[in-house]
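Written out below as structure tokens is the structure these notes cover.
On a predicted model such as this, the values are computed, not experimentally measured, just so you know.
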Amino acid sequence: MLHSFFKICAFAYFMILLIRPAYSQDLWNIRQLTFKPQNHELDHNQNFSPDDQWIVYDTRPDPAGIALNDRIEKVHVENGESQIIYQVASSNPYGPGVGAVSYHPYHNQVVFIHGLPLSDEDTPYAGHRRLGMIVDESAGNRSYWMDSRDVSAPFTPGALRGGTHRHQWSGDGDWLGFTYNDALMVALQEKTGKVHDLRTVGVSKKRAPVIEVDMDQPGENIQGSWFSVVLVKVVAAPKPGSGEISRAYSDWWVGNKGYQREDGSWQLSRAFLGDLLNGDGKKLTEVFIVDVPEDIHKAGNYGPLEGTLTTMPMPPKDARWRRLTFTENRKYPGVSPEPRHWVSSSMDGTYVSYLAKDDRGIVQVFLVPSLGGNSIQVSFHDSHVQSMVSWHPEIREFAYVCDNAIYLNRLDEQGSPGLPRRISPGFVSAPYALAYSRNGNRLAFNKKIEGFIQVFLAERP
């Protein structure tokens, strides 16, 4: 009798698991905010102004069309009024190009990619020919270069020699993170036929030693305002199983002020994706984290900050990176390359989020502790997650796209997820570029309507 009773209980529990809903529904209010017959491209980043009244975007004609874009605009969240923040004075099909814009956390300032002013058929907009431009709306839309560029020897510590892009403010607004490609290495690769053009990640600091660039190459050398360095050394041919990185990219600030060490102190840091070779020599993409030292003007042991004619700029002293994920032995190793995504981080810096395949081959959301440890799967859908993870600015809530709809979930104190909540209907095509407002009560996102990318808002009821 007792054996039969346990069998019945087990069967009942199994049936409960089968009929338990995969998610709950908590629909937010959805409205279209822009309507002009042009694109309004968000950067799934810091798109809301500090007062949450404006959303900033660029007007590139297609996702790869920054070279053809000449405007940065913003739209008011209540009345839909749009304004131009910055317009290129002289634009042509080869550049300069502007795009990927983000708001400062506290000031009415934006930063965005800006191609070199002198752009033509021979020297077009490119990954190694762009910098960060800052526009200060409180000072009459005054614009100035964020980073400096020096491509003529002798090079200048604090200046780089190529292209910074996808700039992201730190929580206090005193730092900017970016990805980087080096113009001298592009030229060396073209000359030698060997691989030298390697992507890596870096930062710029507002309060740092003043640098002066020799302006002997007008239009190529640029005098900026912030001190810039590369954070991670990359190599063309990493040794199998060594942990050496051939490409560092898709980076993000960890937390609002870094992660908290076990001794209670805080460490400013950025997480990123890194390509390496496993022990069998196969390419593998894993999640890494790099500690950002306060004194980025001090050179480290790898070489000069500014680089040489034949080597990349090198990381500053005490810039230390370490691998967070170790997925070689999973059924589907590595971080998922599709959809293209950036790592991101919870507001308290405890977790770094990324996308990877579960044992069924379905792309899901995973978290890894910033201090190191085992990854945690936090989504369990029957179809692929379609976007990177966006985090609420104040609580452990995160948003993502699956089944062409927007989902939210929250972590408890132990880091375990609850039941996901679907907050939007399932659209005909997937929404993308999710961006939380500063107070966390709105999510902006992009959707294509009648051939143009428009901005939509999801608002908590």
Side-chain angles (χ1 to χ4, degrees), residues 34 38-50 54-75 82-91 94-117 119 124-149 160 162-170 173-181 201-204 206 222-226 228 249-253 342 433 435 438 444 446 453 455:
T34 62
Q38 66 173 51
N39 286 340
H40 307 75
E41 186 92 7
L42 301 174
D43 196 40
H44 55 252
N45 195 355
Q46 299 147 320
N47 289 99
F48 281 84
S49 60
W54 297 89
I55 296 173
V56 70
Y57 56 88
D58 67 61
T59 61
R60 70 186 78 171
D62 62 71
I66 289 182
L68 300 175
N69 184 46
D70 65 352
R71 294 194 315 283
I72 300 295
E73 296 183 353
K74 65 179 181 179
V75 60
S82 64
Q83 295 181 9
I84 295 175
I85 295 177
Y86 181 87
Q87 182 145 18
V88 176
S90 179
S91 182
Y94 305 101
V98 294
V101 57
S102 296
Y103 257 113
H104 189 284
Y106 303 115
H107 304 306
N108 289 323
Q109 300 174 359
V110 296
V111 64
F112 51 90
I113 294 170
H114 197 303
L116 294 184
S119 300
Y125 172 90
H128 59 284
R129 295 181 54 80
R130 50 188 179 178
L131 297 90
M133 175 71 78
I134 294 175
V135 172
D136 188 346
E137 294 182 280
S138 61
N141 283 4
R142 180 176 71 90
S143 62
Y144 56 95
W145 297 107
M146 180 269 290
D147 47 321
S148 295
R149 187 176 194 267
L160 297 175
T164 63
H165 46 105
R166 201 181 180 283
H167 309 89
Q168 184 189 37
W169 304 94
S170 62
D174 288 340
W175 299 76
L176 280 159
F178 52 79
T179 43
Y180 175 74
N181 290 81
V201 299
V203 291
S204 291
K206 181 178 182 180
I222 301 289
Q223 180 65 59
S225 302
W226 294 38
S228 305
Y249 57 106
S250 294
D251 47 325
W252 201 270
W253 287 109
W342 282 254
R438 303 288 175 171
N446 275 149
I453 298 170
V455 176

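Residues Asp43 and Arg166 have side chains in contact (heavy-atom distance under 4.5 Å, counting atoms from C-beta outward). Taking the side chain as every heavy atom from C-beta outward, Glu41 and Asn69 never approach each other to under 4.5 Å. Using a 4.5 Å cut-off on side-chain heavy atoms (C-beta onward), Trp252 and Asn45 make contact. Side-chain contact between His104 and Gln46 is absent, with no heavy atoms from C-beta onward closer than 4.5 Å. For the pair Pro96 and Arg129, the minimum side-chain heavy-atom distance is 4.5 Å or more. Annotation: side chain of Val98 is not in contact with side chain of Ser91 (no heavy-atom distance under 4.5 Å).
When all heavy atoms are compared, the tightest approach of Ser143 to Val135 is CB-CG2, 3.8 Å. Taking all atoms of both residues into account, the shortest heavy-atom contact from Tyr180 to His165 is N-NE2, 3.8 Å. Between His167 and Phe178, the shortest heavy-atom distance links the atoms CD2-CB, 3.8 Å. Contact record, Thr179 with Ser250: CG2-N, 4.1 Å, taken as the closest heavy-atom pair. Contact record, Ile113 with Ala100: CD1-CB, 3.8 Å, taken as the closest heavy-atom pair. Nearest heavy atom pair, residue Ser204 against residue Ser228, reads OG-OG, 2.5 Å.
Separation of atoms OG (Ser170) and CG (Leu176) is listed at 7.0 Å; rounding is to 0.5 Å. Here the CD atom belonging to Glu73 is positioned 9.5 Å from the OG1 atom belonging to Thr34, to the nearest 0.5 angstrom. Separation of atoms CH2 (Trp226) and CG (Asp174) is listed at 6.5 Å; rounding is to 0.5 Å.
Side-chain atoms of Arg130 never come within 3.5 Å of backbone atoms of Tyr125 as a donor-acceptor pair (strictly under, hydrogens ignored). With hydrogens and angles disregarded, a donor-acceptor distance shorter than 3.5 Å links the side chain of Asn141 to the backbone of Ile85. Remark: side-chain polar atoms of Trp175 are not paired, donor with acceptor, to backbone N or O of Val203 under 3.5 angstrom. Judged purely by atom type and a 3.5 angstrom limit, Arg71 has no side-chain atom pairing as donor or acceptor with the backbone of Asp58. At distances below 3.5 Å, at least one donor-acceptor pair connects side-chain atoms of His40 with backbone N or O atoms of Gln38. The backbone N or O of Gln87 sits nowhere less than 3.5 Å from a side-chain atom of Asp70 that would complete a donor-acceptor pair.
Checked by atom type, the side-chain pair Gln83/Glu137 shows no donor-acceptor distance below 3.5 Å. A donor and an acceptor atom, one from each side chain of Asp147 and Thr164, are located under 3.5 Å apart. Between the side chains of His107 and Asp136, no donor-acceptor pair of N or O atoms lies under 3.5 Å.
Ring geometry for Trp342 versus His44: interplanar angle of 30 to 60°, hence tilted.
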Practice item. Could you check Leu116 against Arg149 for side chain to side chain contact (heavy atoms under 4.5 Å, CB included), going step by step and ending with a plain yes or no? Key: CA-CA 10 Å; Leu116 294 184; Arg149 187 176 194 267; 3.4 Å; yes
Practice item. Determine, step by step, whether Val88 and Tyr86 satisfy the side chain to side chain contact (heavy atoms under 4.5 Å, CB included) criterion, reporting the C-alpha distance in whole Å, the side-chain angles of both residues, the deciding distance to 0.1 Å, and the verdict. Key: CA-CA 7 Å; Val88 176; Tyr86 181 87; 4.1 Å; yes
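When the options Asn446, Asp62, Thr59 are evaluated for a side-chain contact (heavy atoms from CB on, under 4.5 Å) with Ile453, the one that passes is Asn446. Of the candidates Val56, Ile55, Val111, Val56 is the only one forming a side-chain contact (heavy atoms from CB on, under 4.5 Å) with Tyr103.
Residues meeting the side-chain hydrogen bond (donor to acceptor under 3.5 Å, both in side chains) test with Ser49, sequence neighbours left out: Asp51.
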